[in-house]
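Along the sequence shown, residues carry numbers from 1.
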Amino acid sequence: MVYSDFDDPAVRRSSSPVAAPAAVKILIAGGFGVGKTTMVGAVSEVTPLSTEEHLTVAGVDVDDTVGVDQKTTTTVALDFGRITVSTALVVYLFGTPGQERFWFMWNDLVHGALGAVVIVDTRRLESSFASIDFFENRDVPFVVGVNCFDGTMDRTVAEVREALDLDPHIPILLGDLRQRSVSRDLLLALIELLMSGMAPVPSRPIGSSAKKLSSQ
């Protein structure tokens, strides 16, 4: 009689399939050049999948580059990153393309999304109107991250809320998204919002850049 380890009940129990972790999908949206790719890269535990391509003369009359004249690349499909919260939970980040000619992809990307982060640039607040309208019309919970480029903030939270016509319960957080801690706290704010059932969440500065701003 041939005996193998698999005949041992203890081994059979330990070799049973391990349940796959639950997956959560979060979208990172906003206008062209606001920092979506930067945020995904700052928090992803793996090298992000990026579909950045160089801007060419073909897009001169198509893409609005006002305020981001130094930008030389653009996302043409999506950015993708991953965060393993625990053995039971994995968060997948999908950065949406910002130019109007790629907005048709948003309808596919939003399927299954638990929530979203809308990144805004105070120099071009109007570039994020489309993202906010998109999520509001689909009842997708979202938070707003004001990307403080080089630690510069020329609007207050109240001014940003009024300019974007945001409901009081929507969190607005400020900071330089190149810092991992800032991008992480922005995602945590979204999780807090989701867990609260859309209850009001206080807007507050986050990260070292925001702290510098608040002390000025």
Side-chain angles (χ1 to χ4, degrees), residues 16-54 71 73-99 102-121 128 130-132 134-135 138-149 170-198 201 206-210:
S16 59
V18 177
V24 172
K25 180 180 182 180
I26 293 176
L27 297 188
I28 312 297
F32 176 56
V34 296
K36 300 181 295 295
T37 301
T38 297
M39 179 179 174
V40 174
V43 294
S44 177
E45 68 188 18
V46 297
T47 301
L49 169 64
S50 178
T51 56
E52 290 245 310
E53 295 292 343
H54 288 282
K71 187 171 176 59
T73 60
T74 182
T75 299
V76 298
L78 57 87
D79 298 308
F80 176 79
R82 185 186 72 195
I83 303 173
T84 300
V85 178
S86 68
T87 55
L89 178 63
V90 176
V91 176
Y92 293 105
L93 305 175
F94 289 79
T96 64
Q99 306 97 309
F102 296 124
W103 287 355
F104 69 92
M105 298 182 60
W106 293 10
N107 288 320
D108 291 327
L109 291 174
V110 76
H111 285 307
L114 194 63
V117 173
V118 176
I119 302 174
V120 304
D121 179 353
S128 297
S131 298
I132 292 172
F134 181 84
F135 295 124
R138 289 162 178 77
D139 294 324
V140 176
F142 66 92
V143 299
V144 171
V146 180
N147 197 359
C148 301
F149 293 89
I170 298 177
I172 301 176
L173 296 91
L174 303 82
D176 188 336
L177 293 179
R178 293 174 299 183
Q179 299 181 20
R180 182 181 179 88
S181 61
V182 173
S183 294
R184 177 204 62 203
D185 288 352
L186 189 53
L187 292 173
L188 289 175
L190 176 60
I191 293 173
E192 290 176 10
L193 179 66
L194 294 170
M195 293 180 65
S196 70
M198 301 295 288
V201 178
I206 57 174
S208 58
S209 294

Q. Cationic tip of Arg82 within the cone over Phe80's six-membered ring, i.e. under 6.0 Å and within 45° of the normal?
A. no

Q | Shortest non-hydrogen contact between Ser128 and Val118, atoms and distance | A | CB-CG1, 4.3 Å

Q.
On a heavy-atom basis, which atom in Ser183 and which in Val43 lie closest, and how many Å separate them?
A. CB-CG1, 3.2 Å

Quick one: does any side-chain atom of [X] pair with a main-chain N or O of [Y] as donor and acceptor, under 3.5 Å?
X      : Y      : result
Thr84  : Ser86  : no
Lys25  : Leu109 : yes
Asn147 : Val34  : yes
Ser131 : Gly30  : yes

Heavy-atom check, side chain of [X] versus side chain of [Y], under 4.5 Å:
X      : Y      : value
Met39  : Val182 : no
Leu27  : Val110 : yes
Ile119 : Leu177 : yes
Val140 : Phe134 : no
Ile83  : Val90  : no
Ile28  : Asp79  : no
Leu173 : Val146 : no

Roughly how far, to the nearest 0.5 Å, is [atom2] of [Y] from [atom1] of [X]?
X      : Y      : atom1 : atom2 : result
Cys148 : Leu174 : SG    : CG    : 5.0 Å
Glu45  : Leu93  : CD    : CG    : 9.5 Å
Met195 : Leu193 : CE    : CG    : 11.5 Å
Ile170 : Leu190 : CD1   : CG    : 11.5 Å

Q. Asn107 and Arg138: side chain to side chain contact (heavy atoms under 4.5 Å, CB included), yes or no, with the steps?
A. CA-CA 10 Å; Asn107 288 320; Arg138 289 162 178 77; 3.0 Å; yes

Q. Can you say whether the rings of Phe142 and Phe135 are parallel (under 30°), tilted (30 to 60°) or perpendicular (over 60°)?
A. tilted

